[in-house]
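Each chain gets a letter, A, B and so on, in the order the sequences are listed, and its residues count up from 1.
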Amino acid sequence: MAWNINNDKCLRCGGCVSVCPTAALELRDKLIRDEKLCTLCGVCEKACPVDAIKVAKQ
Amino acid sequence: MIDVIVIGAGPAGTACAKKLAEEGFSVEVYDKRAEIGAPKRCAEGISEASQDFLGKIPERCIAQKIKGARLYAPDGRYLDAILSSGGFVLERKVFDKWLAEEAVKTGAAVQANTFISDMVKDERGYYAGVKGEFLGNEFMEKARVVVCATGAESPLRNKALGVFSKVNLIDSCIQYEMTNIDVIPDLIHIYLSGVLAPRGYVWVFPKGEHKANVGLGIIPQDKKPAAYMNEFLKLHPDMVKDMVANGFVLCGEAANHVNPIHGGGIKEAVISGQMAADTIAECLKKNDVSKKALSKFNEVWWKERGNHLKRVEKLRETLEKLSDADLNDLVDALKPEDIIEFARGAKLSVLAKVLMRKPRLVGIARHLL
C-alpha cells in the first residue's frame, strides 16, 4: 500500500489535512483519505509531528 | 432558511456569530467536536490588550496571569521583557465555551458534535448551505451565507477556495501539559535555538505554580518533533489574499490569520471573525451576498491586519536566518523594550537597529532595510 496511516500513533491534530493540496484528507474520528483525490505527493508525511503517515512513491 | 451558517465554534466562528446575531440575523454555528474547546491544540497564551476585542475575560477562563516574557538564548543567557499591560495563560476549554455562551446569549445557536462534510450551492452557483451529520443522522441546512471558520484542519476551505497551507510555512509542533515542574509562574519562557528547535522555538507557558504547557515547534523535516516531545500542529501564515466566494466567507485560522512571529491565533481569529461579520451583515441587508459584495471583507482585513501581519512575517523570515551564535548575540544586543516591540509586530527598522549593535549581524540587518 502506497499510503499508510498508523492510527495508534495519530494525534488527530489535523496538520496533514491543512497541507493537503488536493483536499484528499478529512479528519473525522480518524483520518480519512480519498484515494481518487490523493496524488501521493507526500506533504502529509512531512507535516505529521509523530511519523504516523507513510507514503511510498510508486 | 436561516441567514448565516458558521462552520467551527472557535474564537473566529463565535466572534462572527455573535456580531451577526447582535445585528438581528439568524445564525447557526456547528462544531465537529463533542466538547467545545477540547482537546486544545494551543499554548493558551493571550495578551491583556486582546480584551479590547474580546470583552473582559472572566476569571474562570484564566489559569495564570502573566507579566512578561523571558527570552533565552541558546547559551542560556536570558532577557526579561516586562509588559506594561500583561497577559494571561488561559484554560481554553473554559474560554472557548465562554465565547460560545456569549454568542448564544445574543441569539446565535451553537451545536456541537456536528460534522459538516460538504457545502451546497443554489441554482445561481452561490454557496447556500451545508451537508452534515449529527448523532448518526445526515442532514442538510440552507443559509444565505456560509462562513468557514474551521481552522486549518478542514478540507472545506480547499474545496471552496483552493486554500491549503504550504508545508514549508507551517511549524510542526508537540505540546505536553506538565505538572510537578519548577517555573517562575508569572513569566512565559521562550527558548531560541537552531539546535533544539530549528526555525521554531520551545515555549513554557505556566498554568499555576507547578504546572505548564511545554511545547516545541519546528519546520517540518525528517526528524520529527515527537522525537523531542509529543502533540499538535500549529500554523504560520501564508495569508490568503481572497477569502470570499459567492455566498461564502473564510475567516480565522482557516484563512491563515495567525501571528507569523509566534503563531498565536486567538486575537487574530476574533478580529477576523468580527470583520467578516460586519461585511456579511452589510451584504445581507442589501440582499447581495455575491463574491463582489463580500470582497469588502478582503479589503478591510488586508488594510487593518493583513499588511501589518505581512511585515511581522518578514521579521520572522529574518530571525529564521540566524544561527545559534547570532541568536546569542541578538539576545545580548536586545533591550527589554525591543522584545515588546517585536511582540507587537514592530517595524522592521527596530529589528535592524538591534542587529546593527552586533558587527556579525550587520549583514542580516542590511537585508531588512
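- Atom CD of B:Q175 sits about 12.0 Å away from atom CG of A:L11, to the nearest 0.5 Å.
- Checked by atom type and distance alone, the side chain of B:S165 never pairs as donor or acceptor with a backbone atom of A:V19 at under 3.5 Å.
- Between A:K46 atom NZ and B:S172 atom OG the span is 11.0 Å, to the nearest 0.5 Å.
- Applying the 6.0 Å contact sphere to NZ of B:K93 captures no more than 12 heavy atoms from other residues, nucleotides or ligands.
- No side-chain heavy atom of B:P155 sits under 4.5 Å from any side-chain heavy atom of A:L25.
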Output, in order, the C-alpha distance, side-chain angles, deciding distance and verdict of side chain to side chain contact (heavy atoms under 4.5 Å, CB included) for A:S18 and B:E253.
CA-CA 10 Å; A:S18 76; B:E253 198 196 41; over 6 Å; no

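- For the pair B:K32 (side chain) and A:L27 (backbone), a donor-acceptor distance under 3.5 Å is present.
- Both the backbone and the side chain of B:S117 come within contact range of chain A, judged by heavy atoms closer than 4.5 Å.
- The CD atom of A:E26 lies 12.0 Å from the CG atom of B:N158; values are rounded to the nearest 0.5 Å.
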I'd like a table of donor-acceptor pairs (distance under 3.5 Å, sequence neighbours excluded) in which one partner is a side-chain atom from residues 129-137 of chain B, with atom names and distances.
{"residue": "B:E133", "atom": "OE1", "partner": "A:R28", "partner atom": "NH1", "Å": "3.3"}

